[in-house]
There are 2 protein chains.
Amino acid sequence: MAARECSIANALAVVGERWSLLAIREVMFGVRRFDQIARNTGASRDILTTRLRKLVDVGLLERERYEEHPPRYEYVLTESGQALHTVLLALMDWGDRHITRGEPPTVLEHTCGHTLHPLTVCAHCHEPVVPGGTTVVRMHQP
Amino acid sequence: MAARECSIANALAVVGERWSLLAIREVMFGVRRFDQIARNTGASRDILTTRLRKLVDVGLLERERYEEHPPRYEYVLTESGQALHTVLLALMDWGDRHITRGEPPTVLEHTCGHTLHPLTVCAHCHEPVVPGGTTVVRMHQP
DNA sequence: TCCCTCGGTCCTGTTTTCCAACTTACCCGA
DNA sequence: TCGGGTAAGTTGGAAAACAGGACCGAGGGA
């Protein structure tokens, strides 16, 4: 215990459990219903229940009733949840390049009309950020 | 089972288990030794052993002997491992903005001399990618 | 009426994970 | 030579997480 304090660790404490990011992927792709999310992710239903509840509790999802009779619910992303799209894009791009064999299973298009290949740049100079192109200014030591 | 085929899922199958990304974070920040990685992540030693072994097996890390007598090892990132830096940066930025309260615990500087704030842009038009700014062209349905 | 859907809950057994102590192999200083 | 320290794990037992399937309640449709 008494590990390094870090926003990566904090982020993973919220979305790092198994199935959480896949559930968010589904909602981001427009799949909002419990049964569909369960089917598409492959998570067992009870685990998915606890994951979705946690994501609602921490404010990444909202559970909205979309039908009164019978009561039916759907999950929608909050602003914090939507902000995770950069993480999912980075993960998908990395998976496409280094893990998945063959063609990318999912292809996205940017509003500019071209196939989306995400690129991470420095918000200040707009140059791409390359591995080793950063230095640590300040960091918590455990 | 029989879930959606997707590079996000494939990526998470490799680095999605608890402690894996934190171990990679440490190596990326220059911490290469077992004991230090264990201390800084907070992972228990046995779990860390299996995680590091898996990361070596899938080719994200290499285990190198840096001392013959006694035998001592250190972990270094392969190119695939280094490529994960975009994922970690996205996660850290999201954590800084939406999870961590107060100041970011870790501050990085870009080679341009300014504090690094990563920005995800489209590699083609160089415009920022915003939530909902993409459409799905092709996708596997389970 | 009977069967179906949706959004879960419950139960049971298997896997993982956690935690602390132990091990091996060597170095160092007194 | 004795004791202590470090590095990189192993081991064993308890606790937690997970998988998979049955079940449930409120309604819908034929």
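Proteins get letters first, then strands, A, B, ... in listed order; numbering begins at 1 in each. Since the model is a prediction, treat every value here as computed from it, not as a measurement.
Whole-Å rounding puts the B:Leu48 CG to C:dC18 P distance at 11 Å. Rounded to whole Å, atom P of C:dG7 lies 13 Å from atom CD of A:Glu64. Atom-to-atom, CG of A:Asn40 to P of C:dG7 comes out at 13 Å; the value is rounded to the nearest Å. Regarding A:Leu52, its CG atom lies at a distance of 16 Å from the P atom of C:dC6, rounded to whole Å. Between the C1' atom of D:dA7 and the CZ atom of B:Arg39 lies a distance of 10 Å, rounded to the nearest Å. Atom CZ in A:Arg18 sits about 14 Å away from atom P in D:dA17, given to the nearest Å. Taking atom CD1 of A:Ile47 as the reference point, atom C1' of D:dA16 lies 11 Å away to the nearest angstrom. Atom CD of A:Glu17 is separated from atom P of D:dA16 by 15 Å (rounded to the nearest Å).
A side-chain donor-acceptor contact under 3.5 Å links B:Ser7 and A:Thr100.
With contacts defined as side-chain heavy-atom distances shorter than 4.5 Å, the pair B:Arg32/B:Glu26 does not qualify. Annotation: side chain of A:Tyr75 is in contact with side chain of A:Val56 (closest heavy-atom distance under 4.5 Å). Taking the side chain as every heavy atom from C-beta outward, A:Pro131 and B:Leu84 never approach each other to under 4.5 Å. Proximity of B:Leu77 to B:His85: side-chain heavy atoms (C-beta onward) are nowhere separated by under 4.5 Å.
For the pair B:Ser20 (side chain) and B:Gly16 (backbone), a donor-acceptor distance under 3.5 Å is absent.
For C:dT5, the OP1/OP2 oxygens have no side-chain nitrogen or oxygen of A:Tyr73 closer than 4.0 Å. Of the side-chain N and O atoms in A:Trp19, one or more sit less than 4.0 angstrom from OP1 or OP2 of D:dA19. Look at A:Tyr75 and you won't find any side-chain N or O under 4.0 angstrom from OP1 or OP2 of C:dC6. The phosphate of D:dC18 has OP1 or OP2 within less than 4.0 Å of a side-chain N or O from A:Arg51. The side chain of A:Arg72 contributes no N or O atom lying less than 4.0 Å from OP1 or OP2 of D:dA26.
Among the nucleotides C:dC18, D:dC18, C:dC6, the one closest to any side-chain atom of B:Ser44 is C:dC18. When distances run from any side-chain atom of A:Tyr66 to the nucleotides C:dC18, C:dA25, C:dC6, the shortest one goes to C:dC6.
For B:Arg18 and A:Glu17, the salt-bridge test fails: no basic side-chain N is under 4.0 Å from an acidic carboxylate O.
Among the heavy atoms of the strands lying under 4.0 Å from A:Arg63 are primed sugar atoms or P, OP1, OP2 only; no base atom is included.
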Could you list all N or O pairs between the protein and nucleotides 10-13 of chain D that sit under 3.5 Å apart?
| unit_1 | atom_1 | unit_2 | atom_2 | d |
| --- | --- | --- | --- | --- |
| D:dT10 | OP1 | B:Arg53 | NH2 | 3.2 |
| D:dG12 | O6 | B:Asp46 | OD2 | 3.4 |

